[in-house]
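A short write-up of the structure that comes next.
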Amino acid sequence: ASGGKDPAPAGYDPETTSKALLESGAFEQELSRLDADMVSAYLGLEDEPAAAAVYTSLEGGYEELAILTMADLNIRNSFDIARQRGLEFTFTPDETETEVQYKPEDLPKLKDAVVRQAGNTVVLVVAADYDAVNAVLDGGSAE
């Protein structure tokens, strides 16, 4: 419900935005939600987010969705971590014989990882359909 609430000044609402992204058809893999107490360790955050929705493929895929609302003082650190995580996906080595085996069909997903900051919210998305991701993040919202 859009009601009279405008989430823009505070950033993306983790619950609403993650639901919209999950329903957008952007993901090919089944994503599972991480328990709240695992989010900081999984993402390497120094501080617990005020609110978070983190989904990842537990079946060895690379698709991922993380939306974190942080206290103002912690947003830069969290954005930098999300950006670094996105860059790690982006700069995957050509060495397909290393211990990490990237499937050729996953490389475009990794290369185009989306990392955004809006207000005190950080969004990281690794998906199959970035047009769907951008449509949600640029204004298509959940009902």
Is E63 reaching over with its side chain to a backbone N or O of S57, donor-acceptor style, under 3.5 angstrom?
no

Measure from the side-chain N and O atoms of N120 to the backbone N and O of M70, and report whether any donor-acceptor pair falls under 3.5 Å.
yes

Can you tell me how far the [atom1] atom of [X] sits from the [atom2] atom of [Y], to the nearest 0.5 Å?
X    : Y    : atom1 : atom2 : result
I67  : T17  : CD1   : OG1   : 5.0 Å
K19  : Y55  : NZ    : OH    : 10.0 Å
L34  : T56  : CG    : OG1   : 6.5 Å
Y12  : S18  : OH    : OG    : 13.5 Å
D129 : E28  : CG    : CD    : 8.5 Å
L68  : T121 : CG    : OG1   : 8.5 Å

Please report the shortest heavy-atom distance between [X] and [Y], naming the atom on each side.
X    : Y    : result
A132 : A26  : CB-CB, 3.9 Å
L21  : S24  : O-OG, 2.7 Å
V126 : F27  : O-CE2, 3.5 Å
L137 : R116 : CB-NH1, 3.4 Å

Taking atom types as modelled, find out whether Y42 and E64 have a side-chain donor-acceptor pair closer than 3.5 angstrom.
yes

L22 versus L65: any side-chain heavy-atom pair under 4.5 Å?
yes

Please enumerate all residues that pass side-chain hydrogen bond (donor to acceptor under 3.5 Å, both in side chains) together with S40, with sequence neighbours excluded.
E48

Please identify each residue that fulfils side chain to side chain contact (heavy atoms under 4.5 Å, CB included) with [X], with sequence neighbours left out.
X   : result
E15 : D13, R33, A53
D35 : D37, M38
A50 : none

